[in-house]
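The structure appears below as C-alpha cells.
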Protein chains: 2
Amino acid sequence: MTDTTPLDPRQLTAYLALKDVAALLEHAVEQQLKEDGGLTTPQFQILATLADAPDGRRRMTDLADGLVYSRSGLTYQAAQLEKAKLVTRASAEDDERSVIVTLTDAGRAVLFKVMPGHIEVVRRLFLTPLGDADIAAITDILGRVRAQMRSAPPRSAKPRRTTGSPPQRGERNNGR
Amino acid sequence: MTDTTPLDPRQLTAYLALKDVAALLEHAVEQQLKEDGGLTTPQFQILATLADAPDGRRRMTDLADGLVYSRSGLTYQAAQLEKAKLVTRASAEDDERSVIVTLTDAGRAVLFKVMPGHIEVVRRLFLTPLGDADIAAITDILGRVRAQMRSAPPRSAKPRRTTGSPPQRGERNNGR
DNA sequence: CCTACTTGCTTCGAGTTCGAAGCATGCTAC
DNA sequence: GTAGCATGCTTCGAACTCGAAGCAAGTAGG
C-alpha cells in the first residue's frame, strides 16, 4: 500500500511553488506567442520541433513523441498550420501510411519573428532572479524528477469497473 | 532550438526541465482525478478551494481570484459541479448580484475520496527522488521566481486598441 | 428618482481538446 | 498467398475553453 498520509507542509509548499511558476510562465508565454506571431503554444511547439530536425521535416508520429498532446490534437494543429502555409504535409515514399510534415520558409520566418520575444519573456520572468548555481540546482533536481516520472509505473492496474480486462493501453506519451 | 538570440544551453536546459516536469505532473494528476473521482483539474481546484474556506462557501469572484481561469470557465464548471450535487449556488443576501457557492457533503466526500490518490501521485512522481535539501532548494529558487513574476511588468505597453485603453486587469495570481 | 457608471455573473459563438472509432497500408506466419 | 494483427493517421462527437457581449443589481451625483 502506498503512503497516503498527508504531505508535510514543506513538501506541499515546494509542490505548489512548482505548479504556480509553471502556470504563470505558461500563461505569459502563450500571451506572447499570440501577440507576436498569432501562434498558440502547441503550434509553436510543433514549429520549434520541426526547426530542430535536419531538413525541417518529421513524421507525425515522431512529432507526437516530442509533445504532450493527443494524436488527434496533433492532426488538428497540423491542419491549421498547413492552412496557414507554415507547414506542408505529404505521405512518405517508403511508407504510404506515414505523413511527413515539413516546415516552409514562411513557417521558419514566423518562428524567427517570435523567438526573440519568447526568449525575452523567459529571461524576464524566469531567469532574472537566478544565478548559475540556481540554474545548476534546478537542472539537477528537476532532471532527477523527470527521470523518475519516466520510469515510474503508470499507477497500476485498477481493479474497478470494467468486467473484462481491456488490454490496457500503454498509457501514453511523452518523450522529448 | 533554433535560437536566434542566446539563452545559453544551461539556462535552456533548466527551462525545459521545468516545463517538462510540470507538464508530466499535471497530466498524471489529471488522470488520477478522473479515475478516482470523475473530476477534472479545474473542478478539483474549485472543490479544494471551497474546502479551505471557513464554511465551505465562497463568492464566485473570490473563487476566481484563487484560480488560473477565465470567469466564464468558472461559471461553466460551477454549473457542472452543481449538476453533480457537489456544490450549491445561491445569491447572497446582502448583494443580489453575488453568487455564493457552497460545498455539499457529497462534495466533501468526493474530495476525501480523491485526496489519497492525489497525494500518492505527487509523492511517487515528484517527491520520491528528493531529499530535504532538494525540497528546500526548490522552494527557495522557485519562490524567488514566483516573486519576480508577480512583480514584473506585464510585457509592456501594447498600445491602444480602439477607443480608450482597457485598464489592464491584475494579471494572475493564485493562491490557496 | 433619473441618468450614468460599476460590479457580478451568465450567455454566446468560435475554436480547441480528447478518446474512440474508422480506414488504409504494412508486416508476419502459416 | 493470404489471414490476422500492427501501425499511422484522420474523423467524429462530446466536452471544455476563452473573450465579448448581455443583463441585473448596486452606487453616485445631480
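At whole-Å resolution of the value, CD in Q43(B) and C1' in dA15(D) are 11 Å apart. Residue D94(B) contributes atom CG, which lies 11 Å from atom P of dG8(C) at whole-angstrom precision. Nucleotide dT17(D) holds its C1' atom 14 Å from the CD atom of Q45(B), rounded to whole Å. L74(B) places its CG atom 8 Å from the P atom of dT10(C), with the value rounded to the nearest Å. Rounded to a whole Å, the CG atom of L67(A) is 14 Å from the C1' atom of dT17(C). Rounding to whole angstrom units, CD of residue E26(A) and P of dC18(D) are separated by 11 Å. A straight line from CG of D95(A) to C1' of dA6(D) spans 12 Å, rounded to a whole angstrom. If you measure from atom OH of Y76(A) to atom P of dA14(C), you get 13 Å, rounded to the nearest angstrom.
Residues passing the side chain to side chain contact (heavy atoms under 4.5 Å, CB included) test with A106(A), sequence neighbours excluded: L86(A), T104(A). With sequence neighbours left out, A78(B) forms a side chain to side chain contact (heavy atoms under 4.5 Å, CB included) with M60(B), R89(B).
Side-chain contact between L130(A) and I141(B) is present, with heavy atoms from C-beta onward closer than 4.5 Å.
Rounding to the nearest 0.5 angstrom, the gap separating the OG1 atom in T13(B) from the CG atom in L142(A) is 12.0 Å. A distance of 12.0 Å separates CD of Q80(B) from CG of L39(B), quoted to the nearest 0.5 Å. Taken to the nearest 0.5 Å, the CD atom of Q32(B) stands 10.5 Å off from the CG atom of L125(B).
For V99(B), the side-chain atoms get nearest to dT10(C) when compared with the rest of dT17(C), dT10(D), dT10(C). Of the candidates dA25(D), dT16(C), dG26(C), dA25(D) carries the atom nearest the E96(B) side chain, counting heavy atoms from C-beta on.
Contact between the side-chain N/O atoms of Q77(A) and the OP1/OP2 oxygens of dT17(C) is found at a separation under 4.0 Å. The phosphate of dG8(D) (OP1 or OP2) has a side-chain N or O of R59(A) nearer than 4.0 angstrom. Residue Y69(B) places at least one side-chain N or O under 4.0 Å from the OP1 or OP2 atom of dT17(D).
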Each nucleotide N or O in nucleotides 3-6 of chain C that has a protein N or O under 3.5 Å away: list the pair and distance.
none

Table of protein N/O atoms under 3.5 Å from nucleotides 19-21 of chain C N/O atoms:
| residue | atom | partner | partner atom | Å |
| --- | --- | --- | --- | --- |
| dG19(C) | N7 | S72(A) | OG | 3.1 |
| dG19(C) | O6 | S72(A) | OG | 3.0 |

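Looking only at distances, no side-chain donor or acceptor of E26(B) sits under 3.5 Å from a matching main-chain atom of A23(B).
For the segment residues 79-88 of chain B, the set of residues with a heavy atom within less than 4.0 Å of an atom of DNA chain D comprises Q80(B), in numerical order.
Between R59(B) and D62(B) there is a salt bridge, with a side-chain nitrogen of the basic residue lying less than 4.0 Å from a carboxylate oxygen of the acidic one. The pair D95(A)-R97(A) counts as a salt bridge, with a side-chain nitrogen and a carboxylate oxygen less than 4.0 angstrom apart.
Across all non-hydrogen atoms, the minimal contact from D36(B) to V114(B) is C-CG2, 3.9 Å.
Toward the 5′ end of DNA chain C lies the nearest nucleotide of T40(A), the other residue of the pair T40(A) and E93(A) mapping further downstream.
The residue from R123(A), H118(A), R124(A) that alone fulfils the side-chain hydrogen bond (donor to acceptor under 3.5 Å, both in side chains) condition with E120(A) is R124(A).
Under the salt bridge (Lys or Arg N to Asp or Glu O under 4.0 Å) criterion, the residue pairs touching residues 125-138 of chain B are R144(A)-D134(B), with sequence neighbours excluded.
S98(B) comes within 4.0 angstrom of the backbone, heavy atoms only, and of no base.
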